Number of protein chains: 2
Amino acid sequence: MHDQVHTPHPAGLERTAAALRERGYRVTSQRLLIQRTLEDMGRHVSVEELREAAAGRLPNLSLPTVYAALETLEDAGMVRRVPGGRGRALWDARTAEHHHLVCRRCGAVEDLRTKVALEAAVSAAARQGFAPDGAEVVVHGLCSRCR
Amino acid sequence: MHDQVHTPHPAGLERTAAALRERGYRVTSQRLLIQRTLEDMGRHVSVEELREAAAGRLPNLSLPTVYAALETLEDAGMVRRVPGGRGRALWDARTAEHHHLVCRRCGAVEDLRTKVALEAAVSAAARQGFAPDGAEVVVHGLCSRCR
DNA sequence: GTTTTTGCAAATGATTTGCATGGAT
DNA sequence: ATCCATGCAAATCATTTGCAAAAAC
């Protein structure tokens with residue numbers, strides 16, 4: 001840990017930079033900032049929430065840039081897009097496999113606190129001609145507030 | 001089978017009507033038509049595709065009506081909303097549990113042809129205060145065309 | 001007869017695009 | 001020096017809403 005800041009950064013700027021270079025993307029302050037902000041938030045957030053949090057550190061960061069950076073970071077494997085959330089996409093820097101509960105009424109997305117074996121599903125996908133990045137379980141229903 | 005048509009209708013108009021009444025919804029020709037059209041299509045379709053197919057049988061069926069009917073039918077358990085498809089929602093009348101492959105590049109959604117045991121995930125969700133309707137696996141990655 | 005649903009037109013809200021400037025390689 | 005990424009404004013696209021007329025109960 002040669003970081004001089006106090007917040008935890010499991011991935012770190014270097015790892016993000018390396019992941020970007022590896023796919024031929026340029027390393028920009030916006031991309032690093034967005035990955036780092038999302039990691040600091042430690043939960044699923046909307047693009048708008050993320051922009052608000054990041055804009056505190058880089059004033060005129062634009063929304064199109066946030067969208068573009070997230071797509072790039074997703075391709076570099078540094079962030080995950082989370083399905084569900086009532087129309088708008090949610091993003092998460094926690095790339096380790098975990099699963100979600102999506103409320104069909106209010107769109108809230110929370111984490112499922114259990115592991116599920118999906119190796120068979122992933123290899124079946126590959127056998128169907130698909131190139132899987134990962135798999136997740138989505139449980140749909142009503143959250144505690146909406147039930 | 002007292003149907004005079006030749007297409008197969010596993011659910012049937014009566015079952016749809018009963019499901020609607022059971023939840024206190026009114027039985028309308030639009031709702032029956034939409035459920036039946038979706039069932040006839042036998043795959044995931046967008047709202048727009050569904051409207052086009054249904055409009056052939058009921059000329060000035062409006063898009064807002066299709067949206068409203070799908071939500072009602074979902075609540076009545078007669079159709080499923082499928083996650084993934086690049087922003088827009090996809091719908092399916094095949095309510096039996098099955099799983100999906102979602103292409104992160106083009107948004108295409110195809111079925112996974114394998115069963116996955118999700119009982120543990122569903123009961124864990126219930127233990128977290130969630131009221132689950134069902135669960136599914138989403139494998140994300142690149143489809144055969146985009147890889 | 002009363003209440004819900006429909007159809008239409010218009011509003012909303014997330015995401016994307018075009019294009020000139022600035023930054024990374 | 002070259003090419004990619006950013007910022008801004010405006011466009012796009014799916015979905016939702018308001019409201020009067022029509023249909024279901």
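The structure presented is a predicted model; accordingly, all values stated were derived computationally and were not measured. Below, chain A is the first sequence line, B the second, and so on; all start at residue 1.
Ionic pairing of A:Arg43 and A:Glu110 is not present here: no N-O contact between side-chain nitrogen and carboxylate oxygen is shorter than 4.0 angstrom. Salt bridge absent: A:Glu97 and A:Lys115 never bring a charged side-chain N and a carboxylate O closer than 4.0 Å.
DNA chain C is contacted by A:Arg26, A:Val27 of residues 18-33 of chain A, taking any non-hydrogen atom closer than 4.0 Å.
Atom CG in A:Leu73 sits roughly 12 Å away from atom P in D:dA5 (whole-Å rounding). Between B:Tyr67 atom OH and D:dA14 atom P there is a gap of 7 Å when expressed in whole angstrom units. Atom CG in A:Leu70 sits roughly 15 Å away from atom P in D:dA5 (whole-Å rounding). Straight-line distance from the CG atom of A:Leu61 to the C1' atom of D:dT6: 9 Å, rounded to whole Å.
Remark: B:Arg31 engages no residue in a salt bridge (charged side-chain N to carboxylate O under 4.0 Å, His left out) (not counting sequence neighbours).
Within a 6.0 Å radius of CD in B:Glu48, other residues, nucleotides and ligands contribute more than 12 heavy atoms.
For B:Arg80 (side chain) and B:Ala96 (main-chain N/O), a donor-acceptor pair under 3.5 Å exists by modelled atom type. For B:Gln128 (side chain) and A:Asp111 (main-chain N/O), a donor-acceptor pair under 3.5 Å exists by modelled atom type. For the pair B:Arg23 (side chain) and B:Asp75 (backbone), a donor-acceptor distance under 3.5 Å is present.
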* Carefully, step by step, assess A:Leu50 and A:Met41 under the rule side-chain contact (heavy atoms from CB on, under 4.5 Å). => CA-CA 9 Å; A:Leu50 178 55; A:Met41 297 178 90; 4.1 Å; yes
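In terms of phosphate contacts, A:Ser62 brings no side-chain nitrogen or oxygen within less than 4.0 Å of OP1 or OP2 of D:dT6. A close approach under 4.0 Å does occur between a side-chain nitrogen or oxygen of A:Asn60 and OP1 or OP2 of D:dC8.
Interface limits on DNA chain C: the 5'-most and 3'-most nucleotides within less than 4.0 Å of chain A heavy atoms are C:dA14 to C:dT25.
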